[in-house]
Chemist: 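Handing you a structure now.
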Amino acid sequence: MSGSYNCAMSLAQRLQRPLVKARLMNVCQQSLHTNLMEMRGLHGLSSCSIASAVPNSFSSRNGSANRFRLARDFSSPATTSSMPAVPVIDLSALPNIPDKLVQDVASACATWGFFQVVNHGVDRQLCAEFQQQMRAFFALPRSHKEPLRRSASNAMGWYDDELTKQRRDWKEGLDLSSRDWSLPDSDVRAANLDGFNRFPPAEVLPRFRPVVTAYFDALTDLADQIAGVMALGLGMPRGFFSELLRRRHTSYLRMNWFPPCAEHSDPPPLGISPHRDAGFLTVLAQDMDCHSLQVRNGDEWYSVSPVPDSFTINTGDMAQIWSNNRYHAPEHRVLTHPTKDRFSAPMFYNPPFDVMVAPLPTLGAPEYNACSWGYFRAQRFAGDFADYGSEIQTSDFAAGSSSWHIDNQQHFLKCTDFSKPFSVEGNRHLLTPP
C-alpha cells in the first residue's frame, strides 16, 4: 500500500515577511493517509536488490550524540498533523503571466519552497515515452551500465554509490547534462566542468537518446518560464533569470531508480538522505505508484504525493541567495519502500559555471556574500562522489560568515577552466581546507 501525503515547510517565521503576508489562495488540498510501512519502516540492506552492498557508513561513527541526530534526521516518521497542502499551481495562462500567478509562485517559493504545477505544457506522450526509456535503462544488465559509470573526473554518467551528507543513498542513478545534442558525447566541444555525457549506445537502447534529449529540452522550456514568474515575484523583469540561465545554463537531468528495501537497520537507510538542492530550481517527475518524497518542517517530516500530470517544483540554494532569503531552499529526503520500486527524474536548472550569485541589490541589505556557482557545484559533486567532509551550504556564504569557503573559492576560480572536465581527486587541494 502506498500513501498520499501532505508536504509542508515552516510557515510561522516566514509569514512575517511582507512578501508572504497574503494567505495562499486556491491552494489544492490533498488527502492525508497514513502508511506506516513508508513512514516508519525505513528499511535495511541485505535483502534489497540494488547492485552493490551498502557500506558501514550507514551507521553512526561519532558517538551517542550523533546517533541521536541521525535517528531524528533519518528515521523520523512523517507527521499526521493537519497542515495545509503544498500548493498546486495552474500554469495554463502561460506564456501570459497574470498577477495572481506571480503571487502564488512567489508565496510558494517563500513559504514552502515546494509546489506542484499542472497544465504545464509538456506533452503527455513525451512524458510517457521518457518514463519508458528510463525504466528500460535501469533494467539493463549491469554489464551495459558499468561502462557508463561516472568518475572523479567526469560527473556525468551512471552510478550506484552516491553519497548525500556523507551517507550512501539507496538507489541507482544516471546524470546527463545540457549540451549541443548534435555533438558526439566524447567531442571536446561538448566538455565542461562536469565532464562528458555518457548515453547508452544506440544499439542497446535506440530510442533513449532522442526521447531523453527532447524531454530535457521540454523541461528546460518549462523551467525557463517558471524562472520568469519567479523573477517578477522579486520585482525584477521577467527575463532577468533567463538572460543568466537559458543561454549557457549548466542544468542536468537525473534519472533515479530506488529498489525495494525490506529489512530493518539502525539507523535505517534512505533512498536519498536529507539535503537541499544546490542550483536555481528543480523540475521533478515523481513516481505515481510509490510516494516517498518528504519535506522537513521544523523537526517533523511531511510527505507529498504527486498530482496526476504534474511536475513538482522546488527552489534551490542559488535561488535563496539571489532572492536574499525571500525564496526558501527546502530540506527534503526520499524514503525506501519494502516492496516497491520507485523511479523519479529531477531536472536541476542551474546557472553558468562562471556566474557569481549574490543577493539582488533591490532586496535590501545583502544577507550573503557572493558565491561562485562553479565552485559550489564542484564542492557538491565532490561530496556526492566521496567523503570530503562537511557538505558546502549557503550558510557558508552568509553575511559575516568566517567560513573557509569564501576565500577558497577565489583560489579555485584562479586555477579552474570551466570549459574542461574537473577532477575532484586531482584537484582535492582546491576543495579542502588549507
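Computed from heavy atoms alone, side chains included, the values below leave out hydrogens, waters and symmetry copies.
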Chemist: Please determine if Asp90 and Lys100 form a salt bridge, counting it only when a charged side-chain N lies under 4.0 Å from a carboxylate O.
Modeler: no
Chemist: If only side-chain N and O atoms count, and only distance matters, is there a donor-acceptor pair under 3.5 Å linking Asp224 with Ser242?
Modeler: yes
Chemist: Verify whether one side chain among Gln286 and Thr312 offers a donor that lies under 3.5 Å from an acceptor in the other.
Modeler: yes
Chemist: Taking Glu129 for its side chain and Val211 for its backbone only, find out whether a donor-acceptor pair lies under 3.5 Å.
Modeler: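 Looks like no, no N/O pair under 3.5 Å.
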Chemist: Please enumerate all residues that pass side chain to side chain donor-acceptor pair (under 3.5 Å) together with Ser395, with sequence neighbours excluded.
Modeler: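 Side chain to side chain donor-acceptor pair (under 3.5 Å) list for Ser395, sorted by chain: empty.
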Chemist: Just wondering, are more than 12 heavy atoms of other shown residues or ligands nearer than 6.0 Å to CG in Asp99?
Modeler: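 No, because the 6.0 Å sphere around CG of Asp99 holds 12 heavy atoms or fewer from other groups.
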Chemist: Asp185 and Arg209: salt bridge (charged side-chain N to carboxylate O under 4.0 Å, His left out), yes or no, with the steps?
Modeler: CA-CA 11 Å; Asp185 291 347; Arg209 187 184 186 102; 2.9 Å; yes
Chemist: Under a 3.5 Å cutoff, is there a donor and acceptor pairing between the side chains of Arg149 and Ser151?
Modeler: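 No, no side-chain donor-acceptor contact under 3.5 Å.
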Chemist: Apply salt bridge (charged side-chain N to carboxylate O under 4.0 Å, His left out) to residues Arg254 and Asp175 and explain how you reach the verdict.
Modeler: CA-CA 4 Å; Arg254 170 167 290 174; Asp175 290 355; 2.8 Å; yes
Chemist: Anything under 30° is parallel, anything over 60° is perpendicular, the rest tilted; go ahead and classify Trp257 against Phe138.
Modeler: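 Ring orientation, 0 to 90° scale: tilted.
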Chemist: On the 0 to 90° scale, with breaks at 30° and 60°, tag the Phe137-Phe208 ring pair as parallel, tilted or perpendicular.
Modeler: tilted
Chemist: Under a 3.5 Å cutoff, is there a donor and acceptor pairing between the side chains of Gln393 and Glu391?
Modeler: yes
Chemist: For Ser403 versus Asp396, what's the shortest heavy-atom pair and its separation?
Modeler: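 Nearest heavy atoms, Ser403 then Asp396: OG-OD1, 3.1 Å.
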Chemist: With sequence neighbours left out, write down each residue that passes salt bridge (Lys or Arg N to Asp or Glu O under 4.0 Å) with Asp217, or none if nothing qualifies.
Modeler: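 Scan of Asp217 (salt bridge (Lys or Arg N to Asp or Glu O under 4.0 Å), adjacent residues dropped) gives none.
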Chemist: Give me the ring orientation class for His332 and Phe114: parallel if the planes are under 30° apart, tilted from 30 to 60°, perpendicular past 60°.
Modeler: perpendicular
Chemist: Does the side chain to side chain donor-acceptor pair (under 3.5 Å) test come out yes or no for Ser344 and Asn256, once each step is laid out?
Modeler: CA-CA 5 Å; Ser344 70; Asn256 293 316; 3.3 Å; yes
Chemist: Can you confirm whether the side chains of Tyr368 and Gln320 place a donor and an acceptor under 3.5 Å from each other?
Modeler: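 A pair is found: one side chain offers a donor N or O, the other an acceptor, under 3.5 Å apart.
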Chemist: List the steps, then state whether salt bridge (charged side-chain N to carboxylate O under 4.0 Å, His left out) holds for Asp161 with Arg168.
Modeler: CA-CA 6 Å; Asp161 54 0; Arg168 181 87 167 260; 5.7 Å; no
Chemist: Can you tell me which residue among Tyr327, Trp373, Phe241, Phe240 is in a ring-ring contact (aromatic ring centres under 6.0 Å, His included) with Trp322?
Modeler: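 Answer after filtering Tyr327, Trp373, Phe241, Phe240: Phe241.
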Chemist: Parallel, tilted or perpendicular for His249 and Tyr349, by the 30°/60° rule?
Modeler: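 His249 vs Tyr349 ring planes: tilted.
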Chemist: How are the rings of His429 and His411 set relative to one another: parallel (under 30°), tilted (30 to 60°) or perpendicular (over 60°)?
Modeler: perpendicular
